[in-house]
Amino acid sequence: MKAAAWWAADYAYAGYWQVRAFFDRADANSFATGDAAHIVVLPGVYETWRFMQPLIAALHARGHPVHVIEALRRNQRPVTEMAAEVAAFLEAQELSDVILVAHSKGGLAGKLAMTGPAAGRIRSLLAVATPFGGSSYARRIPMRTLRAFSPDDPSIVNLGQQLAVNERIVSIYAEFDPHIPEGSELAGAKNVRLDTGGHFRILAHPRVLAELAVLAAEPAEPAG
């Protein structure tokens with residue numbers, strides 16, 4: 001019964017903010033000012049950055065310049081291509097010591113970017129409801145975009161073997177996720193399991209901002 005209530009609340013949240021995102025006309029550049037640590041947001045599959053706008057606005061209100069990558073669009077491309085876009089953006093904008101804040105698939109791209117050519121520009125990753133080990137539900141879905149989340153998909157397997165960066169990742173997830181029955185625990189990372197349910201609505205959980213504050217307070221990485 002509790003799971004059913006969480007499921008309903010989760011999809012109500014997702015539906016509301018997808019509609020709001022469709023009609024929203026906010027300028028992404030309006031969030032790119034501030035004196036605190038630079039943040040780059042990475043939405044999940046079928047999400048634009050506007051879906052994460054409530055979190056973006058909250059981060060910006062705390063003094064963070066928040067950057068979005070328009071080229072990701074709705075994040076339907078393979079994780080390798082998303083990670084390449086992240087790296088290209090960081091280099092083009094000359095950003096360094098960046099905190100990546102990601103939802104779902106965005107966390108996979110964020111972790112992969114931490115192992116690539118722009119790795120030195122990334123301080124840490126805060127991932128919310130990210131299927132680091134894949135989702136068994138993906139095996140039943142015919143669409144390639146979603147089937148790529150299968151636990152035995154090469155992209156999931158290969159990313160799982162990249163262990164060195166896990167210590168710089170905070171993975172936040174609910175005790176019940178209707179999309180990821182295995183959960184989002186990541187070996188070697190700081191894992192934060194919330195006493196609630198959902199895949200989308202936990203983006204608004206206070207613990208997300210609290211964990212971001214901890215990451216932002218950490219000393220900057222030495223240049224080079």
Side-chain angles (χ1 to χ4, degrees), residues 2-15 17-18 21 41-52 55 69 71-86 100-116 125-163 165-166 169-189 191-194 196-203 205 208:
K2 187 163 62 172
W6 283 336
W7 186 94
D10 200 44
Y11 280 93
Y13 176 94
W17 284 108
Q18 284 286 18
V41 294
L42 305 176
V45 66
Y46 301 131
E47 299 170 4
T48 69
W49 67 266
R50 296 180 188 278
F51 183 77
M52 294 180 66
L55 179 57
I69 306 176
L72 293 178
R73 299 183 184 275
R74 298 182 70 233
N75 297 337
Q76 294 172 259
R77 288 179 292 161
V79 168
T80 52
E81 294 183 20
M82 288 180 61
E85 291 284 7
V86 174
L100 303 179
V101 176
H103 179 234
S104 195
K105 182 182 180 181
L108 300 179
K111 180 182 175 182
L112 187 58
M114 294 172 77
T115 71
L125 165 64
L126 178 65
V128 181
T130 291
F132 287 112
S135 170
S136 56
Y137 292 158
R139 295 190 178 106
R140 312 172 191 171
I141 302 175
M143 293 176 290
R144 174 57 190 162
T145 299
L146 299 180
R147 200 169 62 249
F149 297 123
S150 172
D152 50 9
D153 188 271
S155 64
I156 294 293
V157 174
N158 293 338
L159 190 59
Q161 295 170 348
Q162 305 296 323
L163 303 178
V165 299
N166 288 4
I169 297 175
V170 176
S171 179
I172 302 179
Y173 54 97
E175 68 173 72
F176 168 76
D177 187 320
H179 291 269
I180 314 171
E182 298 85 353
S184 298
E185 184 173 350
L186 181 66
N191 293 288
V192 180
R193 185 173 181 265
L194 304 176
T196 188
H199 183 76
F200 304 103
R201 61 193 284 267
I202 60 172
L203 283 167
H205 197 285
V208 175

Check whether [X] reaches the backbone of [Y] with its side chain - one donor and one acceptor, N or O, closer than 3.5 Å.
{"X": "Asn75", "Y": "Met82", "result": "no"}
{"X": "Ser171", "Y": "Ser184", "result": "yes"}
{"X": "Gln162", "Y": "Leu112", "result": "no"}

Exercise for the section: Determine the interplanar angle of the Phe200 and His179 rings, folded into 0 to 90°, and report it as parallel if under 30°, tilted if 30 to 60°, perpendicular if over 60°. Expected result: perpendicular
Practice task
Report the C-alpha distance between Asn166 and Lys111 in whole Å, list the side-chain angles of each, state the deciding distance to 0.1 Å, and finish with yes or no for side chain to side chain contact (heavy atoms under 4.5 Å, CB included).
Solution key: CA-CA 8 Å; Asn166 288 4; Lys111 180 182 175 182; 3.0 Å; yes
Practice task
Could you verify whether a donor N or O on one side chain and an acceptor N or O on the other, from His199 and Ser104, lie under 3.5 Å apart?
Solution key: yes
Taking all heavy atoms of [X] and all of [Y], pick out the closest pair and write down the distance.
{"X": "Glu47", "Y": "Gly44", "result": "OE1-N, 2.7 Å"}
{"X": "Ala102", "Y": "Leu125", "result": "CB-CD1, 4.0 Å"}
{"X": "Gly107", "Y": "Ala127", "result": "CA-CB, 4.3 Å"}
{"X": "Ala138", "Y": "Ser150", "result": "CB-N, 3.4 Å"}
{"X": "Leu163", "Y": "Gly160", "result": "CD2-O, 3.3 Å"}
{"X": "Ser155", "Y": "Ala148", "result": "OG-O, 3.8 Å"}

Practice task
Quick one: do Tyr46 and His103 satisfy ring-ring contact (aromatic ring centres under 6.0 Å, His included)? Show the steps, please.
Solution key: CA-CA 11 Å; Tyr46 301 131; His103 179 234; over 10 Å; no
I want to check something: taking the side chain as every heavy atom from C-beta on, are [X] and [Y] in contact at a cut-off of under 4.5 Å?
{"X": "Pro131", "Y": "Leu108", "answer": "yes"}
{"X": "Val192", "Y": "Val208", "answer": "no"}
{"X": "Thr196", "Y": "Arg201", "answer": "yes"}

Exercise for the section: Answer yes or no: are there more than 12 heavy-atom neighbours, outside Arg147 itself, under 6.0 Å from its atom CZ? Expected result: yes
Handout entry: Qualifying residue, where the test is side-chain contact (heavy atoms from CB on, under 4.5 Å) with Lys105 and the options are Val79, Thr130, Leu146
Key = Val79
Practice task
Please lay out, stage by stage, how Tyr13 and Leu203 fare under the test side chain to side chain contact (heavy atoms under 4.5 Å, CB included).
Solution key: CA-CA 10 Å; Tyr13 176 94; Leu203 283 167; 4.0 Å; yes
Spacing of [X] atom [atom1] and [Y] atom [atom2] [to the nearest 0.5 Å]:
{"X": "His205", "Y": "Leu55", "atom1": "NE2", "atom2": "CG", "answer": "13.0 Å"}
{"X": "Asn191", "Y": "Glu185", "atom1": "CG", "atom2": "CD", "answer": "4.5 Å"}
{"X": "Ile69", "Y": "Glu85", "atom1": "CD1", "atom2": "CD", "answer": "7.5 Å"}
{"X": "Phe132", "Y": "Ile169", "atom1": "CZ", "atom2": "CD1", "answer": "5.0 Å"}
{"X": "Glu175", "Y": "Ile202", "atom1": "CD", "atom2": "CD1", "answer": "11.0 Å"}
{"X": "Tyr137", "Y": "Phe149", "atom1": "OH", "atom2": "CZ", "answer": "15.0 Å"}

Exercise for the section: Please determine if Asp153 and Arg144 form a salt bridge, counting it only when a charged side-chain N lies under 4.0 Å from a carboxylate O. Expected result: yes
